[in-house]
Amino acid sequence: MILEIKNLSKSFIDGKKTLNVLKNINLSIDQGSIITIKGPSGSGKSTLLSLIGTLDKPNKGEVIFDNENVDLIKDLNRFRNDKIGYIFQFHNLISELSLKENVILPREISRKKVDHQEIKDLFKFFELDDRMHSYPNDLSGGEKQRVSVMRAIINQPSIVIADEPTGNLDQENVFKMIDLFKKLNNEHNLTFIIATHDNEVFSIGDIKLQLKEGHLKNI
Ligand code: ADP
Ligand code: MG
């Protein structure tokens, strides 16, 4: 079990009203599985992923990562950089850095060695051979998003969290992204937690969940 969520609740204060966005959520995730989550806009998908990704704290409940309560982790920045890959709807690449520099940034932050051949092979795996020295603005939307996936997985994270990863892509690139997720899952046993509106992306889940009115249910 790579991740366990126990009795997780999250609410926000909106003026005088309390918004109970997540109500007592429980979830267990095995290493190497793909979890997909759908739900109406505003149902709390991003909130749930933020809690799993330790970017926000719950009001109640626990996130247990590889048998460790994330509340007790001292250096959360380091933990995130080493253990979690993040993919968002917008690629968030740094335009002043080359693609290679963008991709190896998490590796450099953790002061781990960067092997040129490894990076070359990675660009090839992502069908972006020969683009290593290009800049984000030289790429199409689909290509940029593929680079952001490379950056998310460069440190071989325990889980990859993707929040509407294809929300900004055309259909052709949605299919490319789906193939990539499946290939990374098959060949590298990467664990994915994906929130999506796209039915095709949703369908790749080993476990498919719907978030509605604060509760998660299996579909
Ligand atoms: P989804 O990703 O499913 O569209 P979100 O998790 O973004 O949903 O939001 C769930 C609800 O929580 C929404 O009603 C949203 O307005 C509210 N919300 C999210 N973040 C905050 C915040 N930081 N402060 C106040 N309300 C928030
Ligand atoms: Mg969202």
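Remember, predicted model here, so these are calculated numbers, not experimental data. Whatever order the structure lists ligands and atoms in, that order sets their numbers, starting from 1.
- Using a cutoff of 4.0 Å between basic side-chain nitrogens and carboxylate oxygens, Asp56 and Lys10 are scored as salt-bridged.
- Aromatic ring pairs are classed by plane angle as parallel below 30°, tilted from 30° to 60° and perpendicular above 60°; the pair Phe181 and Phe192 is tilted.
- Nearest to atom 8 (O) of ligand 1 among the protein's heavy atoms is Gly44 N, 3.1 Å.
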**OP:** Would you please test Arg151 and Ser148 for side-chain hydrogen bond (donor to acceptor under 3.5 Å, both in side chains) and show each step?
**Re:** CA-CA 5 Å; Arg151 181 185 51 188; Ser148 79; 5.0 Å; no
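- No hydrogens or angles considered: nothing links the side chains of Asn59 and Ser9 as a donor-acceptor pair under 3.5 Å.
- Proximity of Pro40 to ligand 1, defined as any heavy-atom pair under 4.0 Å, is confined to the backbone N, CA, C and O atoms.
- A salt bridge links Glu118 with Arg107; the closest basic N to acidic carboxylate O contact falls under 4.0 Å.
- The Mg ion (ligand 2) does not have Thr47 among its coordinating residues (no N/O/S atom, backbone or side chain, under 2.8 Å).
- Selection from Glu164, Lys45, Lys10 by nearest heavy atom to atom 3 (O) of ligand 1 gives Lys45.
- What sits closest to atom 13 (C) of ligand 1 on the protein, heavy atoms only, is Gly42 O, 3.8 Å.
- From the protein, the heavy atom lying nearest to atom 19 (C) of ligand 1 is Phe12 CE1, 3.4 Å.
- Salt-bridge formation is not detected for the pair Arg131/Asp138: no Lys NZ or Arg NE/NH1/NH2 atom is positioned less than 4.0 Å from an Asp or Glu carboxylate oxygen.
- Using a non-hydrogen distance threshold of 4.0 Å, Gly39 does not register as a contact of ligand 1.
- Both Leu22 and Ile207 belong to a common hydrophobic cluster when Ile, Leu, Val, Met, Phe, Trp and Tyr are linked at side-chain heavy-atom distances under 4.5 angstrom.
- Of all protein heavy atoms, the one closest to atom 9 (O) of ligand 1 is Thr47 OG1, 3.8 Å.
- Distance remark: protein heavy atom present below 4.0 angstrom from atom 6 (O) of ligand 1.
- Ranked by closest heavy atom to atom 14 (O) of ligand 1, the top entry among Val21, Leu19, Leu211, Ile13 is Leu19.
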